[in-house]
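Indexing begins at 1, ligand by ligand and atom by atom, following the structure's order.
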Amino acid sequence: MKHIAAAAGIAALSLICMPLMPSTGIPALLGEAHAAGYPDRQITMIVPFAAGGPTDTVARLVAESMSKTLGQQIVVENVGGAGGTLGAGRVAKAEADGYTVLMHHIGMATSATLYRKLSYDTLKDFDYVGLVTDVPMTIVSRKDMEAKDLKGLIDYAKANKDKVTVANAGIGAASHLCGMLFMSAIQTPLVTVPYKGTGPAMTDLLGGQVDIMCDQTTNTTKQIQGGTIKAYAVTSAARLDVLKDLPTVTEAGYPAMSVGIWHGVYAPKGTPAEALDKLTGALQVALKDKNVAARFAELGTKPSPDADATPAALKAKLEGEIARWKPVIEGAGQYAD
Ligand code: ASP
């Protein structure tokens with residue numbers, strides 16, 4: 001545990017017109033920020049990790065579909081570093097006008113405890129659009145690792161604990177959390193190598209510059225299928241259709257490594273209700289888009305249902321997950337700062 005160390009607008013409100021917000025069912029209040037004609041220009045979706053990684057992949061698929069619904073381009077911008085907290089901080093400080101949003105994952109919750117000095121308040125500085133997907137992790141290694149299964153990998157890691165390296169996307173990343181669960185389960189701290197995202201980390205894993213990684217299936221599935229890396233287990237409760245031969249961590253004897261990497265879309269606090277409502281509506285359309293669902297399935301995940309792709313569901317998830325991981329992180333007593 002030592003190493004706890006991603007069309008046309010709604011009319012402006014007026015005294016004559018007080019529309020119901022479809023996703024909330026409550027009347028928009030007079031006096032709050034307006035978003036007449038939203039969106040009338042390009043929207044930026046910040047991904048707090050490097051391009052080409054698993055969070056980026058999810059964001060680009062969803063953003064492409066949402067762009068069609070909104071009638072304006074959503075451009076993905078990668079702001080990697082500090083386990084996702086730099087990108088989240090950028091969105092927290094952005095203008096709350098509906099033109100900057102954040103695609104982040106479980107790291108939004110864990111970083112709230114891992115970092116005692118964040119440049120933002122996780123629970124106060126964001127509005128919510130909705131949950132997107134819950135992606136399993138896979139424990140993988142460079143292709144020429146001699147281990148044949150998870151037990152073999154653990155034996156190897158324990159025997160070589162000073163030279164084995166574990167890649168992650170920085171403290172607060174999903175790969176960091178999963179790596180932490182791995183090291184905790186095997187009671188052996190290992191050397192970690194932080195990247196700005198697991199896209200670049202994968203490049204080094206493929207090149208054999210790092211040994212082990214725990215990463216979302218949205219980054220590893222194609223590589224595992226292509227035999228370019230070795231895989232040992234998946235962190236979901238059941239095996240995945242696209243990686244049928246891969247045992248779950250529970251089957252492999254390590255149920256404590258089970259974890260799901262939920263993703264959500266956020267906006268800066270104070271974003272007009274009309275804009276949030278349109279974003280949620282477009283997210284729900286994207287998650288029912290056949291192309292998005294098909295690509296998600298190929299990558300070992302599935303879109304969140306409408307009931308979860310709502311501001312209330314994301315808020316509840318974030319709050320619940322902060323509470324869930326706080327004691328784990330505090331128990332380990334290791335922080336990023
Ligand atoms: N998979 C990374 C993580 O560990 C982030 C990324 O590069 O998308 O959180």
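Remark: K288 engages D306 in a salt bridge (charged side-chain N to carboxylate O under 4.0 Å, His left out) (not counting sequence neighbours).
Per-residue contacts place T198 under 4.0 angstrom from the following atoms of ligand 1 (heavy atoms of the residue considered): 1 (N), 2 (C), 4 (O), 5 (C), 6 (C), 7 (O). Atoms of ligand 1 lying under 4.0 Å from at least one heavy atom of T55, given by number and element, are 5 (C), 6 (C), 8 (O). Taking every heavy atom of A169 and a limit of under 4.0 angstrom, the matching atoms of ligand 1 come to 2 (C), 3 (C), 4 (O). When each atom of ligand 1 is checked for a heavy atom of P54 under 4.0 Å away, the hits are 1 (N), 6 (C), 7 (O), 8 (O). Interface atoms of ligand 1 facing S175, defined by a heavy-atom separation under 4.0 Å, are 3 (C), 4 (O), 9 (O). For ligand 1, the atoms closer than 4.0 angstrom to any heavy atom of G197 are 7 (O). Taking every heavy atom of Q216 and a limit of under 4.0 angstrom, the matching atoms of ligand 1 come to 1 (N), 2 (C), 3 (C).
The shortest heavy-atom distance from H105 to ligand 1 is under 4.0 Å. Residue contacts with ligand 1: D215 is included, with a non-hydrogen atom under 4.0 Å away.
In summary, D337 and K117 do not engage in a salt bridge, as defined by a charged side-chain N under 4.0 Å from a carboxylate O. K230 and D149 are not joined by a salt bridge, as no carboxylate oxygen comes within less than 4.0 angstrom of a charged side-chain nitrogen. Salt bridge present: D144 and R142 bring a charged side-chain N and a carboxylate O closer than 4.0 Å. By the 4.0 Å N-to-carboxylate-O rule, D127 lies close enough to K269 to be salt-bridged with it.
By the rule that hydrophobic residues join a cluster once side-chain heavy atoms approach within less than 4.5 Å of another member, L102 and L318 end up as members of one cluster.
Checking only distances, A174 does come within under 3.5 Å of ligand 1, N or O to N or O.
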Report, one line per pair, each donor and acceptor closer than 3.5 Å where one atom sits in a side chain of residues 76-84; sequence neighbours left out.
residue, atom, partner, partner atom, Å
E77, OE2, R90, NH1, 3.1
N78, OD1, R60, NH2, 2.9
N78, ND2, F49, O, 3.0
N78, ND2, D56, OD1, 2.9

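Residue-level proximity to ligand 1 for H176 is absent, since no heavy atom of it falls below 4.0 angstrom.
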Exercise for the section: Could you give me the CA-CA distance, side-chain angles and deciding distance for F126 and Y120, then say whether ring-ring contact (aromatic ring centres under 6.0 Å, His included) is met? Expected result: CA-CA 9 Å; F126 297 91; Y120 57 90; 5.7 Å; yes
